[in-house]
S.K.: 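My questions will all concern the structure given below.
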Amino acid sequence: MPETSNKHKLEELLNKLQQIPEEIWGFYQFQRDLFWKKIPLSKQKILIQQSIDCGIETACSIKKKYPFADVGEICEQMAIPIVPCESEQINERITFATYAADEGIRLMTEPLEKLKCSGLTSISKETAQALIIGHELFHHIEASVKGIYTQNEKIVLWRLPFYTHQSNIRALSEIAAMSFSKEMNQSCFSPYVLEAVLLWPYNETHSQGILEEIKEIEKRCAEYDFAHK
């Protein structure tokens, strides 16, 4: 009985998260950026949309080049290794995959196996894996495409009379990667949903907390939109 109840709670959480608009997930990602408080909400909205557009446009370009291949096959054709690894934590957070130019994509198998054993019917292990690989494939592409938006957009951190110190905005890369993967896999929901779903077996409270955080973001955005009508 507890397992059935647990599965029902996860299905309910998933259903709610699948309805979250891409822009809201963008704000969710921004809150994890070191410099997000330096960027006004109005500017964040613009940056989020441009990052989403970048992800979609990049996906369309790749699909034209590899019209009949899925993301795994594209990685194979682009000579990007996909290396299965054990689960790992970085800064106390579960990692589902990483990309490095010298290693390729390191795919953590444990969270995917836990998903398979959860009995969840609306997201299969294969779907989750494809969304994760798609995300990391974008990071490979942006590392090799000169002038891509996510690497060109900068934030000014401080100025001197003859020097301006700028930095990349990491959130833009992550937002674009999610948008890219969603488009590549023709998913009806944002890959951000996987953060809650794959985290569930490790920490249900944290997983449910993602929805609470999203609700706060939606409230803040609604108040902002109302104030600026």
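Small disclaimer: the values here were computed from a predicted structure and weren't measured.
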S.K.: With a 4.0 Å cut-off on N to O distance, would you call Glu183 and Lys63 a salt bridge?
M.R.: yes
S.K.: Between Gln44 and Ile39 (side chain of the first, backbone of the second, donor and acceptor by atom type, cut-off under 3.5 Å), is there such a pair?
M.R.: yes
S.K.: Do Leu41 and Leu34 belong together in a cluster built from hydrophobic side chains that touch within less than 4.5 Å?
M.R.: yes
S.K.: Hey, does the side chain of Ser207 reach the backbone of Leu199 with a donor-acceptor pair shorter than 3.5 angstrom?
M.R.: no
S.K.: Quick one: do Lys182 and Glu22 make a salt bridge, cutoff under 4.0 Å?
M.R.: yes
S.K.: Would you call Val145 and Gln151 a side-chain contact if the rule is heavy atoms closer than 4.5 Å?
M.R.: no
S.K.: Tell me whether Glu213 at atom CD has more than 12 heavy atoms from other residues, nucleotides or ligands lying less than 6.0 Å away.
M.R.: yes
S.K.: For Thr58 and Ser61, which I'm curious about, is there any donor-acceptor pair between the side chains at under 3.5 Å?
M.R.: no
S.K.: Report yes if the side chains of Pro111 and Tyr202 come closer than 4.5 Å at any heavy-atom pair, otherwise no.
M.R.: yes
S.K.: Return the CD1 to CH2 distance between Ile52 and Trp25, rounded to the nearest 0.5 Å.
M.R.: 12.5 Å
S.K.: Do Glu73 and Tyr66 meet the criterion of a side-chain donor-acceptor pair at a distance under 3.5 Å?
M.R.: no
S.K.: Which residues satisfy the side chain to side chain contact (heavy atoms under 4.5 Å, CB included) test with Asp53, sequence neighbours excluded?
M.R.: Gln49, Glu57
S.K.: If every non-hydrogen atom of Met78 is compared with every non-hydrogen atom of Ile141, which pair is closest and at what distance?
M.R.: CE-CG1, 4.3 Å
S.K.: Any side-chain heavy-atom pair from Leu120 and Ser122 closer than 4.5 angstrom?
M.R.: yes
S.K.: Run the salt-bridge test on Glu126 and Lys116 with the 4.0 Å N-O cut-off and return the result as yes or no.
M.R.: no
S.K.: Please examine the side chains of Leu107 and Glu136, heavy atoms only from C-beta on, and report whether any two atoms are closer than 4.5 Å.
M.R.: no
S.K.: Taking the side chain as every heavy atom from C-beta outward, state whether His139 and Ser173 have any atom pair closer than 4.5 Å.
M.R.: yes
S.K.: Scan His135, Arg106, His140 and name whichever one has a side chain to side chain donor-acceptor pair (under 3.5 Å) with Tyr99.
M.R.: His140
S.K.: Are any non-hydrogen side-chain atoms of Cys54 and Phe180 less than 4.5 angstrom apart?
M.R.: no
S.K.: Determine whether a donor-acceptor pair (N or O, by modelled atom type, separation under 3.5 Å) exists between the side chain of Asn185 and the backbone of Ser187.
M.R.: no
S.K.: Strictly below 4.0 Å, N to O, side chains only: are Arg220 and Asp225 in salt-bridge contact?
M.R.: no
S.K.: Is the shortest heavy-atom distance from the side chain of Phe189 to the side chain of Asn15 under 4.5 Å?
M.R.: no
S.K.: For Val193, does its backbone N or O pair with a side-chain atom of Ser190 as donor and acceptor, under 3.5 Å?
M.R.: no
S.K.: To the nearest 0.5 Å, what is the distance between CG (Leu17) and CD1 (Ile24)?
M.R.: 12.5 Å
S.K.: Is there a path of hydrophobic side-chain contacts, each under 4.5 Å between heavy atoms of I, L, V, M, F, W or Y residues, that connects Tyr224 with Tyr28?
M.R.: yes
S.K.: Side-chain contact test, heavy atoms from C-beta onward, threshold under 4.5 Å: evaluate it for Ile62 versus Met184 and give yes or no.
M.R.: yes
S.K.: For Leu47, is there any backbone N or O sitting under 3.5 Å from a side-chain donor or acceptor partner on Ser51?
M.R.: yes
